[in-house]
2 protein chains.
Amino acid sequence: MARQRSRNVTLTDVARRAGVSVATASKALNARDEVAPETRRRVLEAAEQLAFQPNVLARGLLTGRTRTIGLLTDELGGRFSIPILLGVENALANGQMSVLLCDARGDAIRRQHYIRTLLARQVDGFVVLGESNDLRPSLTRHIPVPVVYVYGESDNPDDLSVLADDEHGARLATEHLVSLGRRRIAHVTGPESYRAARDRAASARAVLAAAGLQLAGGAPLFGEWSQRWGRHAARTLLAAHPDIDAIFCGNDQIAAGVAGALREFGRQVPEDISIVGYDNWHEFAADCQPPLTTVDLNLQRLGETAVHHLFAALDGQPATGVVRQPCRLVVRDSTGPPPPRLAR
Amino acid sequence: MARQRSRNVTLTDVARRAGVSVATASKALNARDEVAPETRRRVLEAAEQLAFQPNVLARGLLTGRTRTIGLLTDELGGRFSIPILLGVENALANGQMSVLLCDARGDAIRRQHYIRTLLARQVDGFVVLGESNDLRPSLTRHIPVPVVYVYGESDNPDDLSVLADDEHGARLATEHLVSLGRRRIAHVTGPESYRAARDRAASARAVLAAAGLQLAGGAPLFGEWSQRWGRHAARTLLAAHPDIDAIFCGNDQIAAGVAGALREFGRQVPEDISIVGYDNWHEFAADCQPPLTTVDLNLQRLGETAVHHLFAALDGQPATGVVRQPCRLVVRDSTGPPPPRLAR
DNA sequence: CTGAAAGCGCTTACAG
DNA sequence: CTGAAAGCGCTTACAG
């Protein structure tokens, strides 16, 4: 760590070693075709020998393109940001671009500061990552380069928002339970203030209605995104509706809590009561007792999709509106058909 | 999103509006004292009116400093990276620096590629974030700017590594149990191949030995970092050593699994058997039944500490060796004194 | 105190 | 095909 930064090898060094001008060296390295093959060979050899790395700042100053994008997050600590971030980083790297990371921590001042900072660094575009899938105020008017919103939807329909399709995810979950022969299905989920909770609940009800069914208890149980709430809700449900045969949970934590409570009450999962979670949060879903059937939002792919749309916008092909990416049902051991004696 | 990037406001624009040369404008904005107060006022006003943001690339080209550091991670998806990342981001932002994020995904080729990319972007320094706290190969010989390793220790003692103090964390946990009057303490932890598991186990044994005790069963139970292993190990322990009165777990997932199994066996937590977890992973520890006493590694602060050391190195004050940051015991409901009838 | 000039490292017309 | 020159936006001696 004590090493000094040595002077960088510059194009001038390469040119000198190859015995050409910097202009020619530049053309040779950038594979422009106005260079003699033998000259190019000499330049490439010199660059190789000197381990030349072009200074990206100088190039950016000239071209106005930095091949850098700003990733503005609201709350990186949240559960959903990381897989999306990974997808964004991966897709950008595949496109030879880099990402400057800024976490606003839900603070508007901090967010504005970061927007200025990123613009001063001449980023080519922005990805704005929401902490929930609720509508969020558009930032685009402050940003003179292309912006794509991911996970959280911009409130300006002229922006492009790339979202997980919760209607689809909840439909997959509910149809799975119905197709297994479940008929008295309850829904335990997070706070009604979350769009995710409302959308999933609405979708579940729609699927049941189409099958001539309704939610056990008549309505979703809105609460918290926690195991604790799952345990509590399961007890309440068993007391009020002892004949339920399935519980669709708004996330995997709730599902894990439900599973724990059902076990304490001696109900067998999946035979007596099947459980579906949501999120495919590995540590909760796969490590649950029993492992949970759940909905995977494909978050990493969501990040990649957002970047592909950003690339399109950088190429002059911007889109607007909402792109919804489908979900995927992951079937594990927490769902199955009712026991034969109860089959109808 | 369809907006065109408009030409940026440059220092030339500001200078023209203020009626001065760019040289004077530059000095005024950078608060150098060779400028008349009235001139400075006019320049600042012009900059304000034009919403001038200096082009950081141009400045970087000139000064050789970009105020950007590269964060090289091995596996961002891992449990520990995020809090550390947050700490790094926060400390850098406080120092008016930005972070370029690169996740090598444990791939050596990809890692080398990122090192070259970051150097081409003229980063001022690197933070290298390990995915585990095992020793890792030093990258410093490829990097001509200051490097600080965080969480994972570099195998070169000439590097600086900022680490969580697992010896301390396990000591806090074990001393807590001993001080509560627990005497038959078991240790259930992750794979022995992890340094974290070995270090914590060794520390627990040392504390017990100092108190004239030894681990229930004579040795730690190494297994996996999962609830499943926690459940399994708890059953094994109860069968072999029905009189144990505490279990120190290598992480919170194991502890949650242990808590679930003990409940099924009708053992009261914390009265009959107290449990301590490790990591203070909120979703597992605080939401456990009962909420877990656990060890918090202060990971966010670890990231901040690493950045402070990097700043020192950038200021010409590099350090070498290992910095270990203390842990913190978080006491919740899973630990308490033995019931009076059993107290001795 | 102010400004003309040089220069950071590169790319791109343009002339030869 | 090659290279001298201009220039991206800024900062810093240096001269006045």
Side-chain angles (χ1 to χ4, degrees), chain A residues 5-44 46-47 50-68 116-117 119-124 144, chain B residues 5-44 46-47 50-68 116-117 119-124 144:
Chain A
R5 173 169 216 149
S6 51
R7 199 184 68 79
N8 279 330
V9 174
T10 72
L11 188 58
T12 306
D13 301 322
V14 174
R16 184 178 309 131
R17 183 173 193 116
V20 298
S21 69
V22 288
T24 300
S26 170
K27 288 168 199 156
L29 289 171
N30 292 295
R32 305 181 127 293
D33 48 359
E34 318 121 32
V35 180
E38 163 60 15
T39 308
R40 158 167 306 135
R41 198 196 55 68
R42 285 216 315 283
V43 172
L44 292 179
L50 297 173
F52 171 67
Q53 284 290 329
N55 182 325
V56 172
L57 299 188
R59 179 179 287 167
L61 193 55
L62 225 28
T63 63
R65 284 279 185 116
T66 55
R67 305 201 68 81
T68 305
R116 279 195 300 275
T117 299
L119 289 175
R121 289 174 184 274
Q122 314 297 118
V123 297
D124 295 334
Chain B
R5 172 166 216 154
S6 51
R7 198 183 68 79
N8 279 330
V9 174
T10 72
L11 188 58
T12 307
D13 301 320
V14 174
R16 186 179 309 132
R17 182 173 193 115
V20 299
S21 70
V22 288
T24 300
S26 171
K27 288 170 199 155
L29 289 171
N30 291 297
R32 305 182 126 293
D33 47 1
E34 319 121 30
V35 182
E38 164 59 16
T39 307
R40 159 167 305 137
R41 200 196 53 69
R42 284 217 315 283
V43 172
L44 292 179
L50 297 172
F52 171 67
Q53 284 291 330
N55 183 324
V56 172
L57 300 189
R59 181 180 286 167
L61 193 54
L62 225 29
T63 62
R65 283 278 183 119
T66 55
R67 305 200 67 80
T68 305
R116 278 195 301 272
T117 298
L119 290 174
R121 288 173 185 275
Q122 316 296 121
V123 297
D124 295 333

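In what follows, every heavy atom counts, from backbone to side chain, and hydrogens, waters and symmetry copies are set aside. Protein chains get the first letters and strands the later ones, always in sequence-line order, with residue 1 at the start of each.
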**Asked** Base, sugar-phosphate, or nothing: which does A:Ala36 touch, judged by heavy atoms less than 4.0 Å apart?
**Response**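 Answer is sugar-phosphate: A:Ala36 comes under 4.0 Å of backbone atoms only.
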
**Prompt:** How is A:Thr24 classified with respect to the nucleic acid when contacts are heavy atoms under 4.0 Å: base, sugar-phosphate, or nothing?
**Reply:**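 The answer is base, as A:Thr24 lies within the cut-off (heavy atoms under 4.0 Å) of a base atom.
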
Please state how far atom [atom1] in [X] lies from atom [atom2] in [N], giving the value in whole angstrom units.
| X | N | atom1 | atom2 | answer |
| --- | --- | --- | --- | --- |
| A:Leu62 | D:dA5 | CG | P | 18 Å |
| B:Leu29 | C:dG3 | CG | P | 14 Å |
| B:Asn55 | C:dC8 | CG | C1' | 13 Å |
| B:Leu57 | D:dC8 | CG | C1' | 10 Å |
| A:Arg121 | D:dG9 | CZ | C1' | 16 Å |
| A:Arg40 | D:dC1 | CZ | P | 9 Å |
| A:Lys27 | D:dA4 | NZ | P | 11 Å |
| A:Arg59 | C:dC8 | CZ | C1' | 16 Å |

**Request:** Go ahead and name the base partner of C:dA13; Watson-Crick or wobble counts if both distances stay under 3.5 Å, otherwise write none.
**Result:**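 Check on C:dA13: unpaired, no WC or wobble geometry under 3.5 Å.
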
**Request:** Both distances under 3.5 Å, Watson-Crick or G-U wobble: report the partner of D:dA4, or none.
**Result:**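 For D:dA4, the partner nucleotide comes out as none, under the 3.5 Å rule.
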
What nucleotide, of [options], holds the atom closest to the side chain of [X]?
| X | options | answer |
| --- | --- | --- |
| B:Ala58 | D:dG9, D:dT11, C:dT11 | D:dG9 |
| A:Ala23 | D:dC10, C:dC10, D:dG3 | D:dG3 |
| A:Leu61 | D:dC8, C:dC10, C:dT11 | D:dC8 |

**Asked** B:Gly19 or A:Phe52: which one's nearest nucleotide on DNA chain C is closer to the 5' end?
**Response**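 Upstream on the strand: B:Gly19.
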
**Item:** Residue mapping more 5' on DNA chain C - nearest nucleotide basis, B:Pro37 or A:Pro54
**Value:**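 So the residue in question is B:Pro37.
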
Looking at [X], I'd like to know whether one of its side-chain N or O atoms comes within less than 4.0 Å of OP1 or OP2 on [N].
| X | N | result |
| --- | --- | --- |
| B:Asn30 | D:dT11 | yes |
| B:Thr39 | C:dT2 | yes |
| A:Thr10 | C:dG9 | no |

**Item:** Straight-line distance of A:Thr24 OG1 to A:Leu11 CG, nearest 0.5 Å
**Value:**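 So the gap between those two atoms works out to 10.0 Å.
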
**Request:** Measure the spacing between CD of B:Gln53 and CZ of A:Arg121 and express it to the nearest 0.5 Å.
**Result:**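 Those atoms lie 11.0 Å apart.
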
**Message:** Quick one, A:Gln122 and B:Leu57 - any side-chain contact, counting heavy atoms below 4.5 Å?
**Reply:**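 The answer is yes; the side chains approach within 4.5 Å.
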
**Prompt:** Is there a side-chain contact between B:Thr10 and B:Asn55, using heavy atoms and a 4.5 Å cut-off?
**Reply:**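 No; the side chains remain at least 4.5 Å from each other.
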
**Prompt:** Taking B:Arg67 for the side chain and B:Gly60 for the main chain, is one N or O donor matched with an acceptor at less than 3.5 Å?
**Reply:**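 No: the side chain of B:Arg67 does not pair with the backbone of B:Gly60.
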
